[in-house]
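Structure first, then comments.
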Amino acid sequence: MNQQLAAILPLETLQSGGAGPLYLKLRQSLEEAILSGKLNHGDALPPERDLADYANVSRVTVRKAVDDLVRDGLLVRRHGSGTFVVRPVSRVEQSLSRLTSFTEDMARRGLNTRAEWLERGLFHPSPDEMMTLGLAADALVARLGRLRIADDMPLAIERACVSAEFVPDPLAVTSSLYSELEKKQARPVRAVQRISACNIKEPDAAMLGVAVGAAGLSIERVSYLASGRVVEFTRSLYRGDAYDFVAELTIPETEPAWPVEGRVG
């Protein structure tokens, strides 16, 4: 174990001069090991006890250094498994003015995408689904729950619901839901999205590879056909450290550019 640790954290670096706190030196050494590739994405961090014995510091010092790196998104704790290295995330910007699928959006950026299915089948609708999609109680809905991954980085958990009228065989959806809806002439033409900040909880945090309590974006989308009928009801959870949603704002031509003050007298 000491040989492994020596390759990752040279003792001379940890014991070099300077009056800074011990935890900060250890944190900087671990961060350098991650950024230089000595510790790769998905690697397990050596146990805190081994790190403390090797660096001749207390476990409290090790815990504080690791806590800092977890907060910065370079490490993630997985309950019952240990602490793992997380590759630094390149942020993705998504326009709020374009109605596209996740697959289409990532393809435009040249990213390879894949999905891990969490749920895919026909079900009786919940009260929320019946009300939002305008369905009768005896109707069926297709539920499609996926972990969305781009370039091997989990980015979002997406749970879509559409009437079985449009997706009678959920197993036919292998990549883009919108592509499948297009075959039925039921691709949405507009949508309303509600975005709110949240803290990611288990088990979603483990699937997204982030710490419990990490910042996330909760998104609820209702999509419409040209006729005005609702075709899609989707709830998604995005990593807050990986996504920026961008909206272009303009001033309507029929309104003044700024408030006009009235004058009395």
Side-chain angles (χ1 to χ4, degrees), residues 79 94-105 113-149 154-210 212-240 242-243 245 247:
H79 184 67
Q94 180 174 337
S95 172
L96 289 176
S97 62
R98 292 175 61 92
L99 179 55
T100 58
S101 70
F102 180 91
T103 303
E104 293 166 340
D105 197 45
T113 62
R114 61 184 177 88
E116 293 181 5
W117 287 102
L118 307 175
E119 181 180 46
R120 182 167 44 161
L122 294 176
F123 302 88
H124 292 290
S126 68
D128 274 356
E129 292 166 344
M130 278 194 305
M131 184 173 63
T132 303
L133 295 173
L135 301 176
D138 60 351
L140 291 176
V141 294
R143 290 186 192 147
L144 305 160
R146 289 179 281 184
L147 175 65
R148 308 308 299 258
I149 300 167
L155 291 181
I157 296 169
E158 179 186 89
R159 294 183 170 92
C161 177
V162 299
S163 169
E165 174 186 346
F166 301 118
V167 182
D169 179 12
L171 295 179
V173 181
T174 57
S175 56
S176 170
L177 171 60
Y178 281 12
S179 294
E180 195 64 26
L181 288 173
E182 196 161 15
K183 296 176 185 177
K184 302 284 186 180
Q185 288 77 52
R187 181 177 175 125
V189 298
R190 70 181 183 91
V192 176
Q193 285 196 151
R194 183 182 299 275
I195 303 174
S196 57
C198 66
N199 294 109
I200 303 175
K201 302 175 182 178
E202 288 287 14
D204 294 336
M207 286 191 283
L208 290 171
V210 299
V212 174
L217 294 170
S218 176
I219 302 174
E220 184 175 287
R221 178 162 71 187
V222 179
S223 303
Y224 299 82
L225 300 176
S227 65
R229 179 178 175 181
V230 175
V231 65
E232 174 202 14
F233 177 38
T234 295
R235 289 188 172 111
S236 302
L237 177 63
Y238 284 79
R239 290 175 57 147
Y243 251 84
F245 286 88

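These values consider heavy atoms only, across backbone and side chains, with no hydrogens, waters or symmetry-generated copies.
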Just wondering, do [Y] and [X] contact through their side chains at under 4.5 Å, heavy atoms?
X	Y	value
V162	E180	no
L177	E158	no
F166	E232	no
P154	R239	yes

Distance-minimising heavy-atom pair for [X] and [Y]:
X	Y	answer
M207	L118	SD-CD2, 3.7 Å
R148	S175	NH2-O, 4.3 Å
L225	A186	CD2-O, 3.3 Å
L181	P188	CD1-CD, 4.1 Å
A164	L122	CB-CD2, 3.8 Å
D204	R159	OD1-NH2, 4.1 Å

(message) Measuring from atom OG of S223 to atom CZ of F233, what distance do you get when rounded to the nearest 0.5 angstrom?
(response) 11.0 Å
(request) Is it possible for you to check whether R190 lies under 6.0 Å from the centre of the six-membered ring of Y224, through NZ or CZ, and within 45° of that ring's axis? (result) yes
(message) Please enumerate all residues that pass salt bridge (charged side-chain N to carboxylate O under 4.0 Å, His left out) together with E116, with sequence neighbours excluded.
(response) R114
(message) Restricting to salt bridge (charged side-chain N to carboxylate O under 4.0 Å, His left out), what partner residues turn up for R229, sequence neighbours left out?
(response) E165
Show me the donor-acceptor pairs, under 3.5 Å and distance only, between side chains in residues 133-143 and residues at least two apart or in other chains.
{"residue": "R143", "atom": "NE", "partner": "E129", "partner atom": "OE1", "Å": "3.4"}
{"residue": "R143", "atom": "NE", "partner": "E129", "partner atom": "OE2", "Å": "3.1"}
{"residue": "R143", "atom": "NH2", "partner": "H124", "partner atom": "O", "Å": "3.1"}
{"residue": "R143", "atom": "NH2", "partner": "E129", "partner atom": "OE1", "Å": "3.1"}

With sequence neighbours excluded, tell me which residues meet side chain to side chain donor-acceptor pair (under 3.5 Å) with [X].
X	value
N199	none
S236	none
E119	none

Can you list everything that forms a side chain to side chain contact (heavy atoms under 4.5 Å, CB included) with [X]? Sequence neighbours excluded, please.
X	value
K201	none
R120	W117, L144, P170, L171
A205	I200, E202, V210, V212

(message) Enumerate the salt bridge (charged side-chain N to carboxylate O under 4.0 Å, His left out) contacts for residues 167-176, please, sequence neighbours excluded, ordered by first and then second residue.
(response) none
